[in-house]
Amino acid sequence: MNFKKLQTMQLELDNSILSAKPKMTAEERFNKTLVALSVETAEVANCAERFKFWKDNKGKIDEDKFDTWVKDGSNNEWYEYFDKDNNILKITKEQAHKLTLVEEASDCLHFILSLANQIGYEIENDIAEGINIKFEKTEWNFLELQFQISILYGKVKEFDDSYKDSLYIIIKEFLEYISMLGITTQELEQVYYEKNEENYRRLREGY
């Protein structure tokens, strides 16, 4: 992943947002961004639904984006939607879920990049290499990710100089988590670029 490019893009987006919103202190902004990351990781988990042992048909779909489904002669279900070039595409339910899931994960990446910029941490491009899946349980990865987010908050609050190490761990845990959900770094990066454009559109429209 080209993290240098991603961090630059995120910095520009954040500056555009900050210039259009009420002013806040650096501490307020950091804490809000950290909460946003925690919430967005929970949304990824809720979209994947791996933890819902009581549910058979797992995997949420963005009903606003993929709101049309049809059956062909073999009774297969397909979802139709417009891509960014306004072309109509036909995809399976599984593909619609995957696109929804990757977009949720890209929201997390936005806030990770923002946190890195705020504390002056330069993410190395090879950080995604050698991802080590400790357990075949996404629940463990999710809970560990949330735990590390709380640790980062505590270190910054207590002026612990090792807070950059905590962000490094968060990034690694996040990449491990999405890998277990079947998301590649290439998919994540591509959707980040698309969501970045959408965020600028939202800003122009007063989201």
Q: Evaluate the side-chain contact (heavy atoms from CB on, under 4.5 Å) criterion for residues Met1 and Leu188: first the C-alpha distance (whole Å), next the side-chain angles of each, then the deciding distance (0.1 Å), finally the verdict.
A: CA-CA 9 Å; Met1 296 181 71; Leu188 180 65; 4.1 Å; yes
Q.
Donor-acceptor pair, distance only, cut-off 3.5 Å: does the side chain of Lys172 make one with the backbone of Ala128?
A. no
Q. So Lys195 and Ser106, side-chain hydrogen bond (donor to acceptor under 3.5 Å, both in side chains) or not? Walk me through it.
A. CA-CA 7 Å; Lys195 193 62 182 287; Ser106 76; 4.9 Å; no
Q. What's the spacing between Ile178 CD1 and Leu109 CG if we round to 0.5 Å?
A. 8.0 Å
Q.
Counting only heavy atoms not in Asn57 (residues, nucleotides, ligands), do more than 12 fall under 6.0 Å from its CG?
A. no
Q. Shortest non-hydrogen contact from Gln146 to Ser38?
A. OE1-OG, 2.6 Å
Q. In terms of hydrophobic clustering (I, L, V, M, F, W, Y; side-chain heavy atoms under 4.5 Å; direct or indirect links), are Ile169 and Ile127 co-clustered?
A. yes
Q.
Nearest 0.5 angstrom please: Thr33 OG1 to Gln118 CD, how far?
A. 4.0 Å
Q | Euclidean distance, Asn117 CG relative to Leu11 CG, rounded to 0.5 Å | A | 5.0 Å
Q: Output, in order, the C-alpha distance, side-chain angles, deciding distance and verdict of side-chain contact (heavy atoms from CB on, under 4.5 Å) for Leu115 and Tyr121.
A: CA-CA 8 Å; Leu115 288 168; Tyr121 177 69; over 6 Å; no
Q | Test item: Ile149 and Tyr153 side chains (from C-beta on) under 4.5 Å apart, heavy atoms | A | no
Q. Have Tyr192 and Gln10 got a donor and an acceptor in their side chains that come within less than 3.5 Å?
A. yes
Q) Charged N to carboxylate O below 4.0 Å: is that the case for Arg29 and Asp14? A) yes
Q.
Side chains of Leu113 and Phe3, heavy atoms from C-beta outward: is any pair under 4.5 Å?
A. yes
Q. Are Glu198 and Arg202 close enough, and set up right, to give a salt bridge (charged side-chain N to carboxylate O under 4.0 Å, His left out), and what steps lead you there?
A. CA-CA 6 Å; Glu198 181 180 340; Arg202 287 177 170 181; 3.1 Å; yes
Q: Give a yes or no on whether Tyr168 and Leu6 share a hydrophobic cluster (residues Ile, Leu, Val, Met, Phe, Trp, Tyr; joining criterion: side-chain heavy atoms under 4.5 Å apart).
A: yes
Q: Examine distances only and state if a side-chain atom of Lys93 and a backbone atom of Ile61 form a donor-acceptor pair shorter than 3.5 Å.
A: no
Q: For the pair Thr8 and Glu12, evaluate side-chain hydrogen bond (donor to acceptor under 3.5 Å, both in side chains) and give the outcome as yes or no after the intermediate values.
A: CA-CA 6 Å; Thr8 299; Glu12 293 171 352; over 6 Å; no
Q) Quick one: do Ile171 and Val39 end up in the same hydrophobic cluster if we chain Ile, Leu, Val, Met, Phe, Trp and Tyr together by side-chain heavy atoms under 4.5 Å apart? A) no
Q.
With heavy-atom distances below 4.5 Å as the criterion, would you say the side chains of Thr41 and Tyr177 are in contact?
A. no
Q: For Asn141 and Met180, work out which heavy atoms get closest and say how close.
A: OD1-SD, 2.9 Å
Q: Show your working on salt bridge (charged side-chain N to carboxylate O under 4.0 Å, His left out) between Arg201 and Glu205 and close with a plain yes or no.
A: CA-CA 6 Å; Arg201 178 186 59 79; Glu205 296 176 357; 3.0 Å; yes
Q.
Test your reading of the model: is there a side-chain donor-acceptor pair from Thr25 to the backbone of Glu28, 3.5 Å cut-off?
A. yes
Q) Would you find a donor on one side and an acceptor on the other, under 3.5 Å apart, between the side chain of Asp85 and the backbone of Asn87? A) no
**Q.** Donor + acceptor pair across side chains of Gln190, Glu194 (<3.5 Å)
**A.** yes
Q. Can you name the nearest heavy-atom pair linking Ser166 to Ile151, along with the distance?
A. OG-CG2, 3.7 Å
Q. Has Lys58 got more than 12 heavy atoms of other residues, nucleotides or ligands less than 6.0 Å from its NZ?
A. yes
(Q) Counting only heavy atoms from other residues, nucleotides and ligands, does the tally under 6.0 Å from NZ of Lys55 exceed 12? (A) yes
Q.
Measuring from atom OH of Tyr200 to atom CE of Met9, what distance do you get when rounded to the nearest 0.5 angstrom?
A. 7.0 Å
Q) How about Leu13 and His110: do any of their side-chain heavy atoms sit closer than 4.5 Å? A) yes
Q | Shortest non-hydrogen contact between Ile119 and Leu167, atoms and distance | A | CD1-CD2, 3.6 Å
**Q.** Smallest separation among heavy atoms of Gly59 and Glu49, with atom names
**A.** N-OE1, 2.8 Å
Q | Student check: side-chain heavy atoms of His97 and Cys47 closer than 4.5 Å | A | yes
Q: In sequence, state the C-alpha distance, the side-chain angles, and the governing distance for Ile170 and Leu37, and then conclude on side-chain contact (heavy atoms from CB on, under 4.5 Å).
A: CA-CA 10 Å; Ile170 286 173; Leu37 176 59; 4.2 Å; yes
Q.
Under 4.5 Å between side-chain heavy atoms, counting indirect links through other Ile/Leu/Val/Met/Phe/Trp/Tyr residues: same cluster for Leu143 and Ile112 or not?
A. yes
Q: Evaluate whether atom CZ of Phe147 has more than 12 neighbouring non-hydrogen atoms of other residues, nucleotides or ligands under 6.0 angstrom away.
A: no
Q) In this structure, are over 12 heavy atoms from other groups packed under 6.0 Å from Glu122 atom CD? A) no
**Q.** Which atom of Ile123 lies closest to which atom of Ala116, heavy atoms considered
**A.** CD1-CB, 3.9 Å
Q) More than 12 non-hydrogen atoms from neighbouring residues, nucleotides or ligands closer than 6.0 Å to NZ on Lys52, yes or no? A) yes
Q) Just checking, any donor-acceptor pair under 3.5 angstrom between side chains of Glu189 and Thr185? A) no
Q: Walk me through it: do Thr92 and Tyr79 pass the test side-chain contact (heavy atoms from CB on, under 4.5 Å)?
A: CA-CA 6 Å; Thr92 65; Tyr79 281 78; over 6 Å; no
Q) Rounded to the nearest 0.5 Å, what separation is found between the CG atom of Leu101 and the CD atom of Glu103? A) 10.5 Å
Q | Check: Arg50 and Phe142 side chains under 4.5 Å, non-hydrogen atoms | A | no
Q.
So Thr100 and Lys65, do their side chains get closer than 4.5 Å, heavy atoms only?
A. no
**Q.** Distance in Å, Phe174 CZ paired with Ser179 OG, rounded so as to fall on 0.5 Å steps
**A.** 11.0 Å
Q | Lys157 vs Glu27 side-chain heavy atoms within contact, under 4.5 Å | A | no
Q) Would Lys60 and Glu104 satisfy salt bridge (charged side-chain N to carboxylate O under 4.0 Å, His left out), going step by step from the backbone distance to the final call? A) CA-CA 11 Å; Lys60 289 184 181 295; Glu104 292 287 0; over 6 Å; no
